[in-house]
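Beneath this line is the structure, given in structure tokens, with notes to follow.
Computation of the quantities below employed the complete heavy-atom set of this structure, encompassing side-chain atoms and omitting hydrogens, waters and symmetry-equivalent molecules. Below, chains carry the letters A, B, ... as their sequence lines are ordered, and counting in each starts from 1.
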Number of protein chains: 2
Amino acid sequence: MGATKTEHFTDKQNAIATLAKALGHPARVAIIEYLMKVDACICGDIVNELPLAQPTVSQHLKELKNAGLIKGSIEGNAICYCIDENALSILQSYFATISDNLERKKINCC
Amino acid sequence: MGATKTEHFTDKQNAIATLAKALGHPARVAIIEYLMKVDACICGDIVNELPLAQPTVSQHLKELKNAGLIKGSIEGNAICYCIDENALSILQSYFATISDNLERKKINCC
DNA sequence: TTTTTATATTGCAATATTACGATAAATAAT
DNA sequence: ATTATTTATCGTAATATTGCAATATAAAAA
């Protein structure tokens with residue numbers, strides 16, 4: 001098969017899975033971290049920062065964009081990418097909630 | 001190809017990507033949420049909770065275990081699974097750090 | 001001991017992902 | 001107008017993932 005059975009899961013579960021999947025590759029984690037580091041929207045540069053060919057980087061950027069993790073706007077003949085804060089705040093609050101619950105329960109039976 | 005070039009990225013980036021990838025499927029998100037909900041280690045039940053065949057669920061559990069998100073211990077003829085708090089706390093603090101940085105910067109140029 | 005219960009493994013088909021060379025498209029610079 | 005620069009898309013090969021039926025394994029129950 002290879003196709004995910006999304007229809008059986010909740011919208012929230014699918015949304016989290018989509019965001020997580022987009023970060024499920026080190027190059028895409030590196031892109032997010034680079035966008036954080038440079039402290040600004042980046043027009044270009046990303047290809048030079050990564051050990052991957054330009055079409056590959058372009059593809060990774062597209063996936064991050066499709067997942068909603070980054071935004072891109074055309075700026076002359078370059079494209080300006082930056083992090084979508086909303087998506088990251090969804091992930092932040094999701095994992096904060098889980099960690100809080102685990103902290104409160106302290107099951108620890110395994 | 002299809003194989004990820006992990007060797008060019010930092011250990012941290014690969015670690016985050018591995019955890020994120022493991023959560024990049026709604027069934028695996030659902031498993032984590034179920035383990036949270038039942039408030040205990042679960043021996044069995046997981047297969048009945050998911051709309052997937054037993055071998056498929058077993059495979060998803062294996063991937064969560066390989067990524068370090070859950071632990072499993074043999075309990076008679078059943079297996080007792082529970083969340084590995086450490087892995088979730090890594091994700092929690094990673095996204096908290098990113099969100100904090102974004103909050104502080106407020107770039108918002110795209 | 002045979003049967004049941006719970007989980008894992010194997011094998012396979014369908015599809016998705018990763019990576020890149022070649023090329024296109026679109027604006028900027030000369 | 002031509003050339004350079006920047007990014008996207010196409011095509012394709014290699015590999016990975018998803019899902020399940022069939023089967024194996026191993027302990028519990030009968």
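- Here the P atom of nucleotide C:dT17 and the NZ atom of A:Lys62 are 12 Å apart, to the nearest Å.
- Counting heavy atoms from C-beta on, the side chains of A:Phe9 and B:Leu50 come closer than 4.5 Å.
- When side chains are defined from C-beta on, A:Ser73 does not count as touching A:Ile79, because their heavy atoms never get closer than 4.5 Å.
- The heavy-atom pair separating B:Ala22 from B:Glu63 by the smallest distance is CB-O, 4.4 Å.
- In this structure, B:Leu64 atom CG and C:dA8 atom C1' are separated by 16 Å, rounded to whole Å.
- Atoms OG1 and CG, on A:Thr97 and A:Asn101 in that order, are 7.0 Å from each other to the nearest 0.5 Å.
- A 6.0 Å sphere centred on CG of B:Asp11 holds no more than 12 heavy atoms belonging to other residues, nucleotides or ligands.
- Of the inter-residue distances, the one linking A:Leu61 atom CG with A:Ile46 atom CD1 reads 5.0 Å to the nearest 0.5 angstrom.
- Counting heavy atoms from C-beta outward, A:Leu23 and A:Leu91 have side chains that approach closer than 4.5 Å.
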Open item on the list: Using a 4.0 Å heavy-atom cut-off to protein, can you give one letter per nucleotide of nucleotides 19-30 of chain C, 5' to 3': B if the base is in contact, S if only the sugar-phosphate is, - if neither?
Closed with: BBBB----BS--
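- Phosphate contact (OP1/OP2 of D:dT6, side-chain N/O of A:Tyr81, threshold under 4.0 Å): absent.
- Interface residues of residues 11-23 of chain A facing DNA chain D, ordered by number: none; criterion, heavy-atom separation under 4.0 Å.
- The heavy-atom pair separating B:Phe95 from A:Leu88 by the smallest distance is CD2-CD2, 3.8 Å.
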